[in-house]
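Beneath this line is the structure, given in structure tokens, with notes to follow.
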Amino acid sequence: MAKAFFSYAAVGICAGLLLTGCGGGGGGGSSSAAPAGGTPTYTAPTTNASVPVVATGASATTYAGEELDAYNWFSTNRQTCGFGPLQQNAQLDTAARNHIVWMVNNNTFSHYEVAATAGFTGVTPWDRMAAAGYSGVQFGEILAGISTSNKTGFGLKGARNLLVAPYHLMGAMQGNREIGVSVKSGGPIGSGADYTAAVTANESYLAVDMAASHALLPQVQRSTDVLTYPCQGVTGTAYALTAESPNPVPSRNLAVNPIGQPVFVQVLAGNALVITSVSVTGPAGAVTLLPTMTASNDPNQELLANMAIIMPSAPLSPSSVYSVFITGTNNGVGFSRSFGFSTGT
């Protein structure tokens, strides 16, 4: 049985943001916990706080195959929903690829490398980005893996799986401008894997490093923006979440009792977001929702006051269209959002 696991870690040096999460899921698998990050805090950058998200980065890339599929999923969906596109950065590609080599060499799934081990290039994601020559003000890393040395199709599948996990979805939609992507596999000689090692992982990995440099500062949404993912025009999302760590619903074993594709809502950092009503309808009618998760009731204290996550209580149906209606206030000003999206197979 295939296993999938996801992880997100980010630090905003200028923004003062610290988010950590590390997870194993699907059919199980190993993972290593990240150092505790404490309660997240955020202060909007003053250097470009008035600059809205702009389409600066839908430029040509050198990605092909699995990496291109993963890049397209993140950049296209972010741009569709107003979170902004992502430009390829070769240094971030190097950092992502180097980390996969380390995970294969050490048969370990973790953001955090151990010094003096095979393939070591830096303890933290931001250490590895710096080692590759990247200098930035905001960083993020997302990892996914599956227990097979055949990586075919995992670029898209891994990317979709990350955006069905609430905390990883939240991380993927932050204001980074650049991206590095690598999809590689480890396994025995002759298996078709990219890498072999004395201790082989026999896994396929997706590593995504997102960042904003000193030249390309973080994208900042307008004060009046209320952004969501999914949004109108998004198609082919995953439809069920079977694991995330930290678990967004600690009272449930998600492997046995999954939830459906969540809806992430975000306003400008520093603004107060209040959700007053939500409805989701699909082919079987109204979808039962868990209580909307906000900073005030997030069991893992990952969400900030400008964020909310709406979670269907059960998996959605594959290849189906869903309609979402949300009302609330953004810094006391009322808003409503109505849109549709569709799940994939």
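In this text the structure is predicted, and so the values were computed from the model without any measurement.
- Judged by distance alone, the side chain of Asn98 and the main-chain N or O of Thr121 form no donor-acceptor pair under 3.5 Å.
- A heavy-atom distance below 4.5 Å is found between the side chains of Asn271 and Ser223.
- Taking every heavy atom of both residues into account, Pro218 and Ala212 meet most closely at N-CB, 3.6 Å.
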Show which side-chain atoms of residues 277-288 pair as donor or acceptor with protein atoms under 3.5 Å away, not counting sequence neighbours.
{"from": "Ser277", "atom 1": "OG", "to": "Thr327", "atom 2": "OG1", "distance (Å)": "2.4"}

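- Between Tyr195 and Asn105, the side chains place no donor N or O within less than 3.5 Å of an acceptor N or O (distance only, hydrogens not considered).
- With hydrogens and angles ignored, the 3.5 Å screen pairs no side-chain donor or acceptor of Ser320 with any backbone N or O of Leu316.
- Using modelled atom types, one finds a donor on one side chain and an acceptor on the other under 3.5 Å when comparing Thr124 with Asp127.
- When only modelled atom types and interatomic distance are considered, Glu178 and Gln88 share no side-chain donor-acceptor pair under 3.5 Å.
- For the residue pair Ser185 / Asp194, a side-chain donor-acceptor distance below 3.5 Å is found, with atom types taken as modelled.
- Note: Phe339 and Phe341 have tilted aromatic rings, judged against thresholds of 30 and 60 degrees for the angle between ring planes.
- Under the 4.0 Å criterion applied to side-chain N and carboxylate O atoms, Glu141 and Arg128 are assigned as salt-bridge partners.
- Taking every heavy atom of both residues into account, Tyr229 and Cys81 meet most closely at CD1-SG, 3.7 Å.
- Although no hydrogens or angles enter the test, the distance criterion places a donor-acceptor pair under 3.5 Å between the side chain of Arg252 and the main chain of Pro258.
- For the side-chain hydrogen bond (donor to acceptor under 3.5 Å, both in side chains) test, no residue two or more places apart in sequence or in another chain qualifies with Asn202.
- Donor-acceptor pairing under 3.5 Å is lacking for the side chains of Gln174 and Gln219.
- For the 3.5 Å distance criterion, the side chains of Thr294 and Ser296 qualify, holding a donor opposite an acceptor.
- Closest heavy-atom contact between Phe139 and Met129: CD2-SD, 3.2 Å.
- A donor-acceptor distance shorter than 3.5 angstrom exists from the side chain of His99 to the backbone of Ser110, with no hydrogens or angles considered.
- A salt bridge is absent between Asp69 and Lys157: the closest approach of a Lys/Arg side-chain nitrogen to an acidic carboxylate oxygen does not fall below 4.0 angstrom.
- Tyr63 is linked by a ring pair (Phe, Tyr, Trp, His ring centres under 6.0 Å) to Tyr71, counting only residues two or more places apart in sequence or in another chain.
- The aromatic rings of Trp126 and Tyr112 stand perpendicular to each other, their planes meeting at an angle above 60°, with 30° marking the opposite boundary.
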